[in-house]
Amino acid sequence: MLSARTASPAASLWKRGGGAGARGDGCTSCLEVRRRAAAVAVRAAQPKRVEAVAMESAAETAEVAAEKEVAAAGGGVEDKYGEDRATEELPVTPWAFSVASGYTLLRDPHHNKGLAFTERERDAHYLRGLLPPGVVSQDLQVKKIMHNLRQYKVPLQRYVAMMDLQERNERLFYKLLIDNVEELLPVVYTPTVGEACQKYGSIFRRPQGLYVSLRDKGKVLDVLRNWPERNIQVIVVTDGERILGLGDLGCQGMGIPVGKLSLYTALGGVRPSACLPITIDVGTNNEQLLNDEFYIGLRQRRATGEEYHELMEEFMDAVKQIYGEKVLIQFEDFANHNAFDLLAKYSKSHLVFNDDIQGTASVVLAGLLSSLKVVGGTLAEHTYLFLGAGEAGTGIAELIALEISKQTNAPIEECRKKVWLVDSKGLIVNSRKDSLQPFKKSWAHEHEPVTTLLDAIESIKPTVLIGTSGVGRAFTKEVVEAMASFNERPVIFSLSNPTSHSECTAEEAYNWTQGRAVFASGSPFDPVEHNGKIHVPGQANNAYIFPGFGLGVVISGAIRVHEDMLLAASETLAAQATQENFDKGSIFPPFTNIRKISALIAASVAAKAYELGLATRLPRPRDLEKYAESCMYTPVYRSYR
Ligand SMILES: O=C([O-])CC(=O)C(=O)O
Ligand SMILES: [Mg+2]
């Protein structure tokens with residue numbers, strides 16, 4: 001049993017409960033109390049952590065109390081999902097705890113409210129004098145921080161300010177992000193997160209995720225145990241080898257899992273404490289970083305082959321051992337040569353999802369489905385040409401073929417023939433088949449060799465051109481004009497990230513097609529005026545998909561990801577684009593509606609998981625959309641009375 005210990009001189013006894021967990025009533029709050037009590041007991045088995053645990057569990061109890069309040073007031077109780085799993089898995093033990101208060105509370109980002117602590121809370125939690133007398137609302141705090149952020153002219157300064165806020169006051173960070181999503185997405189996500197990763201060593205303040213390095217081989221389980229949260233639902237993991245289109249950034253790729261998971265919470269409503277960012281450090285081949293005195297990772301060239309795969313295997317086993325089989329593991333920004341193999345290998349034994357292959361595919365398919373409402377025809381009636389045959393290119397190509405097959409009942413091999421890919425050596429054709437990497441082989445169609453993109457366009461005459469090459473400005477004026485010469489409304493997607501790697505800019509796409517292009521990009525572009533008309537380019541970024549997709553997986557307790565779940569997500573997103581969006585030039589709904597969209601995506605993904613027999617959360621909630629919404633984290637402050 002964990003005895004209550006004072007975490008700091010200012011800590012106070014909050015509540016004591018002998019055997020509360022043993023009570024048999026089944027209300028949600030009680031389940032939550034039992035789960036947390038059990039989690040505390042498990043953590044208490046690690047003696048040196050007792051103090052931190054006492055603080056944490058007690059502070060969490062404030063949330064539990066607030067949840068009870070919300071429930072008593074007739075409001076929804078958030079964070080319902082995941083409780084059953086924890087209560088199932090962890091033993092129930094009598095317990096007692098104390099709460100962090102005073103100075104410690106102000107420095108605990110999960111519970112700090114800064115000047116928003118009320119007079120009563122200041123009295124109850126030894127905060128008098130530690131704060132200036134002014135009491136402000138959370139809305140005013142948001143207003144002030146937005147005002148301050150807008151003073152910064154350099155995007156990286158905004159990024160650092162946002163990270164500082166996340167470290168200082170988590171709920172305020174998420175409130176800011178949710179309330180100002182269109183303005184702040186480019187700060188915490190692409191393009192700024194790319195620059196942040198490049199300079200991560202210099203701007204590094206506090207670790208925001210878990211680092212698993214080659215040095216931890218044989219001890220990965222212990223490393224994972226050091227993470228303070230037990231009830232993890234989503235992990236985003238990278239090995240930093242292909243960060244956006246920026247290449248190998250080694251250990252500094254950590255900015256990506258951190259950014260992706262903050263969107264899981266802000267856009268998809270997964271609790272921050274259920275999210276775990278991880279970077280696997282096997283070295284880097286980036287000479288500049290190896291010679292950078294501020295580099296934070298292992299100073300060695302990348303481990304490959306057996307050494308690499310042994311570490312990955314140990315990691316994947318450890319995750320399953322600690323968090324069970326219902327934790328979603330999102331692979332992010334691995335290089336092609338590992339990404340496909342890892343996905344194929346672990347999709348048989350783990351709940352895995354590759355955002356760059358599957359998430360990007362799902363959002364682009366959604367973009368294509370809604371483009372059809374503008375350009376006409378069916379998916380099968382169009383011809384697709386890709387520049388770039390890596391994770392995104394082949395992932396999107398496969399999902400297009402799958403959807404065509406679903407719509408037409410034609411065999412998938414036939415449907416693939418509608419899709420052509422160009423890589424660094426030219427058009428992927430049959431005569432190259434023997435020398436192609438395995439993931440490219442199914443795209444080697446019968447055609448004479450063609451070496452340039454322009455020649456491929458002239459020969460194939462695609463109606464849709466998609467850039468997934470990572471090569472900035474690869475869609476030249478000639479390329480875009482060629483597309484416009486035989487298409488009334490050429491569909492052109494420049495998907496590479498960050499903005500500097502986009503195959504063409506929004507302005508170029510509209511100018512070179514006399515405003516006729518149906519354009520979308522991976523990173524955001526500002527609206528463009530062409531001949532008096534304002535075009536608002538859509539952002540075909542996987543951020544539309546993965547937060548809702550992950551929520552759907554979590555709330556259904558799915559144990560595997562199936563491609564039909566990706567198709568369901570695409571169709572749901574596509575259905576959200578309205579005529580009003582099309583009139584403005586975008587084939588996507590604005591990000592301002594993203595939480596609603598995420599709930600819809602979650603509901604359709606969960607419905608598919610139930611249909612496929614992959615869901616374990618039973619009974620199936622009757623109204624999945626309402627259920628998804630009720631599960632979503634909201635960042636309003638709890639009251640600590
Ligand atoms: O992070 C993004 O903006 C999209 C993505 O997954 C990538 O480019 O690798
Ligand atoms: Mg990515």
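Atoms within each ligand, like the ligands themselves, are counted from 1 in listed order. Every value quoted in this text rests on a predicted model; they were computed, and no experiment measured them.
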Can you say whether the rings of F331 and Y346 are parallel (under 30°), tilted (30 to 60°) or perpendicular (over 60°)? tilted
Less than 4.0 Å between a side-chain N and a carboxylate O, is that true for [Y] and [X]?
{"X": "E183", "Y": "R158", "value": "no"}
{"X": "K345", "Y": "D341", "value": "no"}
{"X": "K406", "Y": "D564", "value": "no"}
{"X": "K440", "Y": "D423", "value": "yes"}

Which residue holds the protein heavy atom closest to atom 3 (O) of ligand 1, what is that atom called, and what is the gap in Å? N541 ND2, 2.9 Å
Return the closest protein heavy atom for atom 8 (O) of ligand 1 as residue, atom name and distance. N497 ND2, 2.8 Å
Looking at [X], which atoms of ligand 1 are within less than 4.0 Å of one of its heavy atoms?
{"X": "E332", "value": "6 (O)"}
{"X": "D356", "value": "5 (C), 6 (O), 7 (C), 9 (O)"}
{"X": "Y189", "value": "1 (O), 2 (C), 3 (O), 4 (C)"}
{"X": "K260", "value": "1 (O), 2 (C), 4 (C), 5 (C), 6 (O)"}
{"X": "R242", "value": "7 (C), 9 (O)"}
{"X": "T190", "value": "3 (O)"}

Could you tell me whether T360 approaches ligand 1 through its side chain, its backbone, both or neither, with non-hydrogen atoms closer than 4.0 Å? neither
For I256, which part has a heavy atom under 4.0 Å from ligand 1: side chain, backbone, both, or neither? neither
If you take all heavy atoms of P537 and F519, which pair is closest and at what distance? CB-CD2, 3.8 Å
To the nearest 10°, how many degrees is the angle E332 OE2 to the Mg ion (ligand 2) to D356 OD1? 100°
If only atom types and distance count, is the side chain of N286 paired as donor or acceptor with the main-chain N or O of D248 below 3.5 Å? yes
If you look at D333, which of its N/O/S atoms is nearest to the Mg ion (ligand 2)? OD1
OH-CG distance between Y159 and L184, expressed to the nearest 0.5 angstrom: 13.5 Å
